[in-house]
S.K.: 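Can you read through this structure? Questions will come right after.
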Amino acid sequence: NWSGLHWGGHTYGAYRLSRKTAVAGVSAHWRHKKGNVIRLAVTHDGGETVTRTDHVIAGVPVGCGAKGDPQRVFLGEWLSRDGAQTWERMNGCTGVMFCDFRTGLLLGVGADGRSIVQSTDNGETWRTVLDRRKANGPPSSLAYDRETKRIYFSRWSWDLSAFVADPATTAPPVETVLPGERHVCSV
């Protein structure tokens, strides 16, 4: 029971670092309810006890790890380098949605809540690869095809698109893979 509420509450973005340690966002209210606050929570004893922190997840409430560093975990805009003992806010990313466990590439949502950002140094720095500040809807899911170098993204229940990151621009050509009349929940 992450929330501590008798009915269970709401849990977001859970990620397990080890047999004993896991993180999640918790709230007493549904994510889209006005005024809702999601706070970061941690267990280090397999769920026997849960520590609910004061760290508010204002970004995307999703958890993710990093290649080659089992102590590193991301939840929303928060980063821990020491197995979820301490946390700091990331600069330039509000939710890590994808880790390529072969190359270490991380993909996430930028500080504006719409753009797509990447990191090649385990989340220490972030670079915008697709500026979507004027786009409809934030990305709800991201994935990377290392063979074609295409980054896929969806907007919840709307469409599926793809692009290839280009270091020379934050506005590379975007291809619609599945148009808006198709229901796409996740990549």
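Residue numbers run from 1 in the order of the sequence given.
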S.K.: Can you check whether Leu5's main-chain N or O pairs, donor with acceptor, with Ser3's side chain at less than 3.5 Å?
M.R.: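 Checking the backbone N and O of Leu5 against the side chain of Ser3, a donor-acceptor pair under 3.5 Å is found.
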S.K.: When you measure from the side chain of Asp121 to the backbone of Thr125, do you find a donor-acceptor pair of N or O atoms at a distance under 3.5 Å?
M.R.: yes
S.K.: Using modelled atom types only, decide if a donor and an acceptor are shared between the side chain of Glu77 and the backbone of Ala58 within a distance under 3.5 Å.
M.R.: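 Present.
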S.K.: Looking just at side-chain N and O atoms, do Thr128 and Asp131 make a donor-acceptor pair shorter than 3.5 Å?
M.R.: no
S.K.: Any sub-3.5 Å donor-acceptor pair from Ser18's side-chain atoms to Thr21's backbone N or O?
M.R.: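 Flag set: sc Ser18 to bb Thr21 pair under 3.5 Å.
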S.K.: Is it true that a side-chain atom of Arg133 and a backbone atom of Gly113 form a donor plus acceptor pair closer than 3.5 Å?
M.R.: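 No; judged by distance alone, with no hydrogens or angles, the pair does not exist.
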S.K.: I'd like to know if the side chain of Thr120 and the backbone of Leu105 have a donor-acceptor N/O pair within less than 3.5 Å.
M.R.: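 Not at all, since once roles are kept as given, no pair shorter than 3.5 Å links the two residues.
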S.K.: Counting N and O atoms only, with roles assigned by atom type, does the side chain of Asp145 sit under 3.5 Å from a partner on the main chain of Lys149, one being a donor and the other an acceptor?
M.R.: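 Side chain of Asp145 to backbone of Lys149, a donor-acceptor pair under 3.5 Å: no, none is there.
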S.K.: Tell me whether the rings of His55 and Trp78 are parallel (<30°), tilted (30 to 60°) or perpendicular (>60°).
M.R.: tilted
S.K.: Could you tell me if Arg146 and Tyr144 have a donor-acceptor pair between their side chains, going purely by distance under 3.5 Å?
M.R.: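 Judged by distance alone, the side chains do not pair up.
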S.K.: For the pair Arg72 (side chain) and Asn122 (backbone), establish whether a donor and an acceptor sit closer than 3.5 Å, ignoring hydrogens and angles.
M.R.: yes
S.K.: So among Leu40, Val26, Ile38, which one has a side-chain contact (heavy atoms from CB on, under 4.5 Å) with Tyr12?
M.R.: Ile38
S.K.: How far apart are the C-alpha atoms of Leu130 and Ile151, what are their side-chain angles, what is the distance that settles it, and do they pass the side-chain contact (heavy atoms from CB on, under 4.5 Å) test?
M.R.: CA-CA 10 Å; Leu130 182 63; Ile151 297 172; over 6 Å; no
S.K.: Are the side chain of Ser80 and the backbone N or O of Thr86 linked by a donor-acceptor pair below 3.5 Å?
M.R.: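 Looks like yes, one N/O pair under 3.5 Å.
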S.K.: With rounding to the nearest 0.5 Å, note down the distance linking OG1 in Thr94 to CH2 in Trp126.
M.R.: 9.5 Å
S.K.: What I want to find out is whether Lys20 reaches Glu48 closely enough, with some N-O distance under 4.0 Å, to be called a salt bridge.
M.R.: no
S.K.: Does Asp166 reach the main-chain N or O of Thr170 with its side chain, forming a donor-acceptor pair under 3.5 Å?
M.R.: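 A pair under 3.5 Å: no.
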S.K.: Return the OG1 to NE2 distance between Thr49 and His44, rounded to the nearest 0.5 Å.
M.R.: 8.5 Å
